[in-house]
Number of protein chains: 2
Amino acid sequence: MTDVVTPPTSPVSRERSKEIKRLSVISAARQVRVLSRAELTELTGLSPATLTPLVRDLIAEGYLIERGPGASRAGRPRAMLEFNPRAELVAAVSLEPSRISCEIADSDGAVVAHRTVRLTGDIVDLICTAVPDLAGDGLPALRGVAIAAPGVSSGGAVRLAPSVGLVEGRPIGESVRQRLGVPVVVDNDVNLMAAGEHAAGAGTDVADLLLLHVADGIGAGLVLDGQVRRGSGGAAGEVGFLPLDPADQGHDGIGPFEARWSESAIAEKVVSLAPGRRPGSPVRALVDLAAADDRAAAYLDEVLAAWSRLIVSCACVVDPGRVLLSGAAAELDDTAVDRLQALVSAAAPSPTEVRRAVLGDRAVLHGAVSYALSAAAAGLSTLLPAP
Amino acid sequence: MTDVVTPPTSPVSRERSKEIKRLSVISAARQVRVLSRAELTELTGLSPATLTPLVRDLIAEGYLIERGPGASRAGRPRAMLEFNPRAELVAAVSLEPSRISCEIADSDGAVVAHRTVRLTGDIVDLICTAVPDLAGDGLPALRGVAIAAPGVSSGGAVRLAPSVGLVEGRPIGESVRQRLGVPVVVDNDVNLMAAGEHAAGAGTDVADLLLLHVADGIGAGLVLDGQVRRGSGGAAGEVGFLPLDPADQGHDGIGPFEARWSESAIAEKVVSLAPGRRPGSPVRALVDLAAADDRAAAYLDEVLAAWSRLIVSCACVVDPGRVLLSGAAAELDDTAVDRLQALVSAAAPSPTEVRRAVLGDRAVLHGAVSYALSAAAAGLSTLLPAP
DNA sequence: GATAATTCGTTCGCCGTAGGAAGGAAGTGT
DNA sequence: ACACTTCCTTCCTACGGCGAACGAATTATC
């Protein structure tokens, strides 16, 4: 947010307020899906007289579709308007080690088109050709692009915030924004997952949540007051570095906690408990194993205890109220989650609910949708004077 | 924030936009203190024509005071306007075990009047008579009341968020608001300190910070993106409960970490190192002692190591970028702070600056001022459509 | 020292928008 | 069929933002 020259535009210029009204209506419609003009006056507070031309415009632009008359107890039936999710498209680009996957989704998070491209040449070029190509006719409806950089879960080169920042700072994000002309957000995938679960998953009913993603590393995405919080250096959620046990040691960009309790660390142990090929889902394998094997059960207890201390730590610092288990942690079965919950409740200073994330792979996509849609509205936040 | 019936007022009604402009100007003036109308056009983006009547109003209301002409290189000299801090007063009420202290401050945080009252009868009555009484003529300028409930630092009955919530929920805050007719914020004192340091202390230049307050308990106040974050249950910053060492055990509402590393725990140890009366400032005493006594030096090392792990834990979860030492932790001398900084830098996943808080006792007051002033502007946040 | 140049602030007036009021539209109840 | 209710639209007015012209107060220049 390098305040370049801060174009000193009036806080309440005409276009501004018009834009605000538009967004009020659109966001109300997006939530309610099918509604009448009368409901819009209630929801937005705008007068019917103001709404008439506004709605007309929105219908013309395809945001709203006029449907037949709705039910009415008495009087003229309300002419129903349906929100058209296809009116707003977003692109979600996921950077992976050797390829990028690119999806176009409507504002429901329904995938309209997707493609995977091998990583050759310039990333920016790749994105800037793939996205318009995929969007096709829908390109004018594109509202934003969200780029998920491999964060914690990669375990590879691009790992800590500073290096993600390298991608985030100007190079990719700003270049793509300039070439496509829409807002672009670059963030690590765990943050996007957290945003996704908040927008469309297991966190729609709360304003705060923490998504704990266990993979080769361990990372968390933090939503506070409805917004993803990245911290000052973008390193919020680097919970793999928590110093929860003096005995544990991290190394080479691997935090002390995740060195011992990440999916890969667990996988090794599972192999030693049940020799054979490294299982694809070591945590699930461990849960299964624990049913019959005492040593596995004991180790599972250890894992749960460790994870619970991690969760409690987060609860102490930010009190998210709800913790979502993602990645390998989502492989726990109900009883294991219950036990984890019990451990957390016993030690956390405030009620903290532990449950599994529900979106799985689609979390990043939904997060991207949510980012891109709110990025469109973000221009407005300039409106409020700084306290 | 019980959304009562959501008064469906238009997002961009005329009065609203007028109010926004007013606040834009006021907030610009508050920051710059002395400025001309020309500077206001630059800062707010409003046209000179719009400003003329607005400034006239503000002068009439006492927000701005016309001063003589300012310097000018060429052309007509700018007529300077000075922001009048007395135009906005706030009350800061601090609840203590057996009394309440009440201060009226202007928006600079300068105390205009103060009084301490023994806690007799109904708290709400007490506050609602003391505040108007203290404010006197200035009552119409009262913009808000901030009530600091003894949080972590009390070590007594009112300790965890739920119990503070008891005070916070309806009883006190809402009653006072209704009787005085101004916004009221109730929060624990550590949060207020964090807000104060952010607004007027060692954190004015950053958007994120964590204030670590060591007293009988250990608590933290968290500012992220310029706002105090309380978490879902108001228990954010309960870092005394961090499970950083399996050996430590909490009890009776005392967290495991603070049981061992709080000011009172340190005081005991200091007494055992240098028999005598319990020192008033045990940490300072320890620092002094460590200069000459090897055992004290070793123990100081332990304390610093423990605190550093606490700070690192916070850095992992929220990455505040800056940590302010408050309460007993602010008694460390420069070399001790430097060593703490080194320990933190070695283990934190992102750069984290450790320094002492600067406001001391006045932090709560400044926090109250900042709360009350932003509460006045808070009505505006309704303006933006939810994403 | 007069005149030009420059910068500030204000007044005027146009335009666009918000929203009140009234009226038409399209149903339900009696 | 008639009143009644509710919804939506059109007309109209009032008001606020801001462009433009103007007056004010100083410095630079000849």
Side-chain angles (χ1 to χ4, degrees), chain A residues 7-25 28-29 32 34-60 64-82 383 385, chain B residues 7-25 28-29 32 34-60 64-82 383 385:
Chain A
T9 167
S10 163
V12 210
S13 67
R14 280 191 219 294
E15 314 88 53
R16 265 289 168 66
S17 60
K18 206 167 181 179
E19 193 67 13
I20 293 176
K21 283 185 302 179
R22 274 178 58 93
L23 284 174
S24 299
V25 173
V32 186
V34 171
L35 37 56
S36 69
R37 291 169 176 78
E39 288 173 84
L40 275 177
T41 63
E42 289 170 24
L43 290 172
T44 63
L46 284 82
S47 74
T50 312
L51 275 171
T52 295
L54 219 174
V55 168
R56 196 174 7 237
D57 287 355
L58 290 177
I59 290 177
L64 296 175
I65 302 171
E66 199 141 27
R67 294 294 182 206
S72 74
R73 299 182 310 289
R76 174 177 175 175
R78 8 186 86 176
M80 303 310 280
L81 303 168
E82 185 179 345
L383 192 145
Chain B
T9 167
S10 162
V12 209
S13 67
R14 284 194 212 290
E15 313 91 53
R16 264 287 167 66
S17 60
K18 207 168 180 179
E19 192 68 13
I20 293 176
K21 282 186 305 179
R22 272 179 59 91
L23 284 174
S24 298
V25 173
V32 185
V34 171
L35 36 57
S36 69
R37 292 170 176 77
E39 289 173 82
L40 276 177
T41 63
E42 288 171 23
L43 290 172
T44 63
L46 284 86
S47 75
T50 311
L51 275 171
T52 294
L54 219 174
V55 168
R56 196 172 11 234
D57 288 354
L58 290 176
I59 290 177
L64 296 175
I65 303 172
E66 199 141 26
R67 295 294 181 205
S72 72
R73 300 180 311 288
R76 174 178 177 173
R78 10 186 84 175
M80 303 311 280
L81 303 167
E82 184 178 346
L383 191 145

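All values below come from the heavy atoms of this structure, side chains included, with hydrogens, waters and symmetry mates left out. The sequence lines fix the lettering, A, B, ..., with proteins before strands; numbering per chain opens at 1. All figures in this text were calculated on a predicted structure; none of them were measured in a lab.
- For Glu66(B) and dG9(C), the CD to P distance is 9 Å, given to the nearest whole Å.
- Taking the side chain of Arg37(A) as heavy atoms from C-beta on, and the options dT10(D), dT10(C), dT9(D), the nearest nucleotide is dT9(D).
- As judged by a 4.0 angstrom heavy-atom cut-off over every strand, Ala49(B) is placed among the base-contacting residues.
- The CG atom of Leu54(A) sits 14 Å away from the C1' atom of dG16(C) (whole-angstrom rounding).
- Here the CD1-CG distance, from Ile59(A) to Leu54(A), works out to 10.5 Å after rounding to the nearest 0.5 Å.
- Here CG of Leu35(A) is found 7.5 Å from CG of Leu64(A). Values are rounded to the nearest 0.5 Å.
- The CG atom of Leu51(A) sits 12 Å away from the C1' atom of dT9(D) (whole-angstrom rounding).
- Here the C1' atom of nucleotide dT7(C) and the CD atom of Glu42(B) are 12 Å apart, to the nearest Å.
- Looking at the side chain of Pro77(B), the nearest of the listed nucleotides dT11(C), dG9(C), dT26(D) is dT26(D).
- At whole-Å resolution of the value, CD in Glu19(B) and P in dG16(D) are 13 Å apart.
- The nearest whole Å value for the distance from the CD atom in Glu39(A) to the C1' atom in dT6(D) is 13 Å.
- In the set dT10(C), dG9(C), dC8(D), the nucleotide with an atom closest to the side chain of Ala79(A) is dC8(D).
- Between the CZ atom of Arg37(B) and the CG atom of Leu81(B) there is a distance of 5.0 Å, given to the nearest 0.5 Å.
- The CG-P distance, from Leu35(A) to dT6(D), rounds to 19 Å in whole Å.
- Rounded to the nearest 0.5 angstrom, Leu51(B) CG and Thr44(B) OG1 are separated by 5.0 Å.
- Checked against dG19(C), dA24(D), dT10(D), the side chain of Ser47(A) finds its nearest nucleotide in dG19(C).
- Residue Ser36(A) places no side-chain N or O under 4.0 Å from the OP1 or OP2 atom of dC7(D).
- A side chain to side chain contact (heavy atoms under 4.5 Å, CB included) with Val34(B) holds for exactly one of Glu39(B), Arg67(B), Met80(B); it is Met80(B).
- Taking atom CZ of Arg78(B) as the reference point, atom P of dA25(D) lies 17 Å away to the nearest angstrom.
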